[in-house]
Each structure stands twice: as structure tokens, then as C-alpha cells.
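I have placed the structure first, in the form of C-alpha cells, so that the comments after it can refer back to it.
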Amino acid sequence: MKSLATRVSTIKPSVTLAIDAKAKELRSQGVDIVGFGAGEPDFDTPRNIKEAAIRALNAGFTKYTPASGTLELKKAVCEKMRRDNGLDYKPSQVLISCGAKHALYHVAQVLYGPGDEVIIPAPYWVSYPDQVLLQDAVPVIVETREDENFRLTGELLRKSITKKTKALILNSPSNPTGCGYTLEDLKELAEVIVEHDIYVISDEIYEKMVYGGFEFHSIAELDEEVRKRTIIINGVSKSHAMTGWRIGWAVGPEELIKPMADIQSQSTSNPNSIAQKAAEEALNGPQDTVETMVREFDKRRQYIVDRLNAIEGVNCLSPAGAFYVFPRMSAFYGRKYAGQTIRSSVDLCDYFLKEAKVAAVPGSAFGADPYIRLSYATSMKIIEKGLDRIQEALNKLF
Ligand SMILES: *Cc1c(COP(=O)(O)O)cnc(C)c1O
């Protein structure tokens with residue numbers, strides 16, 4: 001038999017999805033698992049959005065749409081960018097894809113070639129390095145510091161750039177840390193980006209989930225020079241509790257959007273027609289459900305941060321956005337339970353799953369082993385129960 005393509009050996013499945021699957025499997029066996037692994041809102045898709053989908057279905061909107069997405073949805077994205085970000089884009093600068101992840105994948109395909117370097121600040125979202133590797137390009141992981149809010153500074157960025165650097169992948173607010181970049185922080189980066197003429201891929205999927213007065217800004221807002229080099233990634237998965245519908249987009253220079261659309265036309269064709277209609281309603285319709293969801297997340301955020309910091313040895317920053325906390329747990333590494341030594345975030349999460357019946361994601365999946373990620377996209381009651389269990393499990397270590 002002929003061997004498979006070499007890229008098969010570079011790719012690994014998404015760890016976060018794997019943990020979630022493991023928790024779901026245990027649950028289906030009747031084990032009472034508290035899941036902190038989820039990367040999706042626990043809220044239902046708002047009713048007005050579902051109704052738009054039902055209308056589309058009944059109206060027979062069930063055929064191919066243009067491969068790059070419907071003009072109406074592209075216009076809705078442009079309108080959203082004007083309204084929320086003060087940015088003017090044309091529909092020809094928008095590609096509608098099957099989720100933000102898919103849009104990011106297209107960016108990788110048109111931008112990264114063999115040997116190209118792509119700067120990824122750690123802790124990073126799990127798919128960034130793998131999407132770079134799939135193009136035979138090189139993910140350059142730049143470690144950030146907890147005492148700098150896990151923020152890539154201008155200085156760190158400058159030091160990481162070489163002649164081969166193609167792009168920086170920026171995610172604010174961040175999955176997994178919840179940290180966000182202020183306008184000042186972005187200015188620092190934009191200066192270096194323009195000076196060295198690299199692209200920036202700005203993953204803004206958590207734009208709407210911000211707390212405690214944090215103000216979201218897109219790096220593209222700064223000036224035309226940086227905007228020319230920015231590809232914005234966003235979607236409705238997180239903001240409108242629509243992960244299963246698979247609608248996301250890329251917005252940026254036409255030179256990039258056009259070949260991305262061509263690749264999409266040769267791979268998936270258009271994103272689901274009904275879901276595009278639903279996404280249109282998500283963007284154009286009332287936004288009060290988003291606000292309700294964010295208020296609820298904010299309550300949970302404050303509770304979970306307080307509870308974690310009350311445990312001796314745990315240190316947890318207060319997130320500015322998204323729906324994750326990223327507590328430092330390394331004080332427990334080297335401790336033992338039943339003859340087993342816990343040496344890493346993977347060991348600790350295994351221990352939590354087996355002993356505490358709690359599913360959490362090891363920080364190593366995000367390039368930061370001292371930490372674990374807990375999602376608070378789950379009810380307050382479950383969060384309380386889960387934290388009781390974590391606290392008890394940590395007390396058993398010595
Ligand atoms: C969830 C997530 C995405 C992917 O969103 P989809 O639109 O569902 O593909 C992209 N980036 C980050 C950082 C995410 O957490």
C-alpha cells in the first residue's frame with residue numbers, strides 16, 4: 001500500500017474536543033461528571049434566529065448560494081463592522097465560511113508557505129499551530145508572562161520577527177486566558193507590524209464577551225497602514241450561541257479574500273444556506289439576548305475567580321473577556337496521591353477526571369503547562385459543584 005501524505009503525521013486532533021468527548025462518554029455511562037471543558041455557550045440559540053432559519057427553510061432557501069456566501073450576509077457583516085468597530089469594508093472584502101475556524105484555515109492556505117514563520121503568542125488557541133503546520137510553515141511560539149496579563153508586547157514581537165515572518169496571529173479576548181488587548185497595547189503591536197510589513201490575523205470571536213469595563217478594539221481600527229495588513233476573523237458561534245450552525249467569516253484586503261474564496265469554492269462550496277439566513281438575523285436583529293448572556297457569564301466569572309483564588313496554591317487572573325479562566329496550578333505539581341506523582345497539567349486533569357469527576361483542559365494543550373483551563377459556559381450550580389470537587393481533590397494531594 002502507498003503511504004499517506006506526510007502532513008498526516010504532523011496533525012493531531014483538537015485536545016479540547018477530545019476532552020469534551022471523554023467527559024460526554026463518561027456521562028453516557030452514568031458517571032456524574034462536571035464538565036469545565038466546553039468551548040461553547042451553554043445557552044440556546046435565540047428564538048428570533050431560529051425563526052429566521054425556519055422561514056428560510058419554508059421559503060425553499062435550500063439551494064447553493066454563491067460559494068463565498070450570500071451578498072445579504074456579507075452586507076450584514078459590513079454593517080456590523082461599521083456599527084461596532086467603526087470600520088468600512090465592502091462585501092467583496094468579506095468571505096463567509098463554515099465557522100471562524102474554517103475562515104482561519106483559508107487564511108493559512110493563502111498566506112503560509114513551506115518555511116514561512118507565523119508568530120503565535122502562548123497561551124494560544126489549540127488550532128493555530130496545527131493550521132500553520134498543515135501548510136509546512138513554522139509556528140513560532142512566543143511565550144508571554146502572566147504578570148503582563150499574557151500579553152504579547154511590542155518588544156517581544158519585534159524580537160521574534162525574522163526575514164521569514166509572514167504573520168502574527170492575535171486573539172483578543174483570548175481563549176484560553178480571557179485576557180484582552182487595550183487600544184494602547186494594540187498600538188504597540190501595530191507599530192511593529194507596519195514597520196516589518198507583516199500580516200496580522202486578528203481573531204475577534206470573543207469581541208462581544210467582555211467584562212468589568214474592558215473595551216474591545218480591533219487592531220484594524222488604528223490606521224490604514226495596519227488595516228491593510230489585517231485579516232479579521234469573527235463569527236456568530238460564541239456571540240449568538242450558534243456553534244452548531246457553522247457560520248464565521250474573514251474580512252480583509254481583497255487580494256487575500258479573493259483567493260480564499262476560490263479555495264472555498266473548490267473545497268466546501270458555500271456554507272449552509274439556512275444557517276447563513278440565521279446568521280443574517282443574528283447580526284441585523286435585536287442584540288438583547290447577547291447582553292443577557294454576557295451578564296450571566298459575568299456573574300459566573302466573578303464567582304469562579306474568587307473561589308479559585310481562595311484555594312491555597314491556586315492563582316487565577318480575572319479575565320477581561322471570553323468564558324474561560326486559566327488558573328496557575330503548578331504549585332501542585334510534584335505532589336502525590338495514592339502513590340502517583342502529579343507532574344504536569346495533563347496529570348492533574350487526569351486526576352481531576354478520575355478522582356473528582358471534573359473535566360478540565362490541561363494548559364499544555366495551549367502551550368502553557370503550569371495552567372489548566374476551566375470554561376464557565378455552564379450553569380452556576382454546576383460551577384459550584386465542580387469547584388467544591390476541585391477544592392476537595394486538591395486537599396487530598398500531599
Ligand atoms: C471557538 C473559537 C473559534 C472557532 O469558532 P467557530 O466559528 O465555531 O469555528 C475560533 N477562535 C477561537 C479563539 C475560538 O475559541
Side-chain angles (χ1 to χ4, degrees), residues 13-20 36-43 45 49 69 73 77 80 94-109 118 120-132 139 144 150 152 167-181 200-210 216 218-219 231-251 260 264 267-268 271-272 275-276 278-279 282-283 290 293 297 319-326 361 363 365-368 373-377:
S14 159
V15 181
T16 43
L17 294 183
I19 300 254
D20 207 41
F36 282 123
E40 60 185 349
D42 54 317
F43 299 92
T45 303
I49 298 174
L73 181 51
V77 170
K80 179 241 164 276
V94 180
L95 169 69
I96 311 294
S97 289
C98 310
K101 189 185 276 188
H102 191 217
L104 281 162
Y105 190 74
H106 288 322
V107 175
Q109 290 231 303
V118 181
I120 302 174
Y124 48 73
W125 184 51
V126 287
S127 293
Y128 299 144
D130 288 85
Q131 289 197 348
V132 172
T144 62
F150 295 113
L152 179 72
L168 159 70
I169 304 181
L170 200 64
N171 178 211
S172 172
S174 151
N175 175 2
T177 67
C179 291
Y181 287 71
V200 54
I201 293 95
S202 181
D203 184 343
E204 303 179 357
I205 195 100
Y206 295 104
E207 167 182 12
K208 294 288 167 202
M209 271 115 195
V210 292
F216 172 85
S218 170
I219 195 166
I231 302 113
I232 293 174
I233 303 290
N234 210 330
V236 288
S237 281
K238 311 289 161 60
S239 56
H240 295 81
M242 291 176 72
T243 44
W245 299 74
R246 309 310 304 130
I247 297 290
W249 52 83
V251 179
M260 285 165 63
Q264 179 158 297
S267 51
T268 57
N272 179 291
Q276 287 190 75
L283 293 180
V290 181
M293 190 161 67
F297 279 139
F323 39 70
Y324 311 98
V325 282
F326 204 57
V361 187
F366 312 98
R373 191 191 77 176
L374 303 176
S375 159
Y376 48 91

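Note that these values count all heavy atoms, side chains included, but never hydrogens, waters or copies made by symmetry. Just follow the structure's listing: the first ligand is 1, and inside any ligand the first atom is 1.
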### Trace of the ring pair (Phe, Tyr, Trp, His ring centres under 6.0 Å) decision for F216 with Y206
CA-CA 9 Å; F216 172 85; Y206 295 104; over 10 Å; no
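Relative ring orientation between H106 and H102 is described as tilted, the plane-to-plane angle lying within the 30° to 60° band.
Contact between A250 and M260 at its shortest, heavy atoms only, is CB-CE, 3.5 Å.
At a 4.0 Å cut-off, not a single heavy atom of E40 sits close enough to ligand 1 to count as contact. Using 4.0 Å as the threshold, Y128 has a heavy atom nearer than that to some atom of ligand 1.
Nearest non-hydrogen protein atom to atom 14 (C) of ligand 1 is K238 NZ, 3.1 Å. Among all protein heavy atoms, the one lying closest to atom 9 (O) of ligand 1 is R246 NH2, 2.7 Å. From the protein, the heavy atom lying nearest to atom 15 (O) of ligand 1 is Y206 OH, 2.7 Å. Protein heavy atom nearest atom 7 (O) of ligand 1, with residue, atom name and distance: A100 N, 2.6 Å. Looking from atom 10 (C) of ligand 1 to the surrounding protein, the closest heavy atom is W125 CH2, 3.4 Å. With hydrogens left out, the protein atom closest to atom 11 (N) of ligand 1 is D203 OD2, 2.6 Å, a heavy atom.
Side-chain atoms of N171 come within 3.5 Å of backbone N or O of P173 as a donor-acceptor pair. Remark: the backbone N or O of G37 is paired with a side-chain donor or acceptor of R373 at under 3.5 angstrom. The main-chain N or O of Q264 is never found under 3.5 Å from a side-chain atom of Q109 such that the two would form a donor-acceptor pair. Judged by distance alone, the side chain of T45 and the main-chain N or O of A241 form a donor-acceptor pair under 3.5 Å.
Within the listing of ligand 1, atoms 5 (O), 7 (O), 11 (N), 12 (C), 13 (C), 14 (C) sit less than 4.0 angstrom from a heavy atom of I205. Listed by number with element, the atoms of ligand 1 under 4.0 angstrom from any heavy atom of N171 are 13 (C). Within ligand 1, counting atoms from 1 as listed, the ones closer than 4.0 Å to a heavy atom of G99 are 7 (O), 9 (O).
Considering backbone and side-chain N/O atoms, S237 comes within less than 3.5 Å of an N/O atom of ligand 1.
The distance from the CD atom of E207 to the CD1 atom of I232 is 8.5 Å, given to the nearest 0.5 Å.
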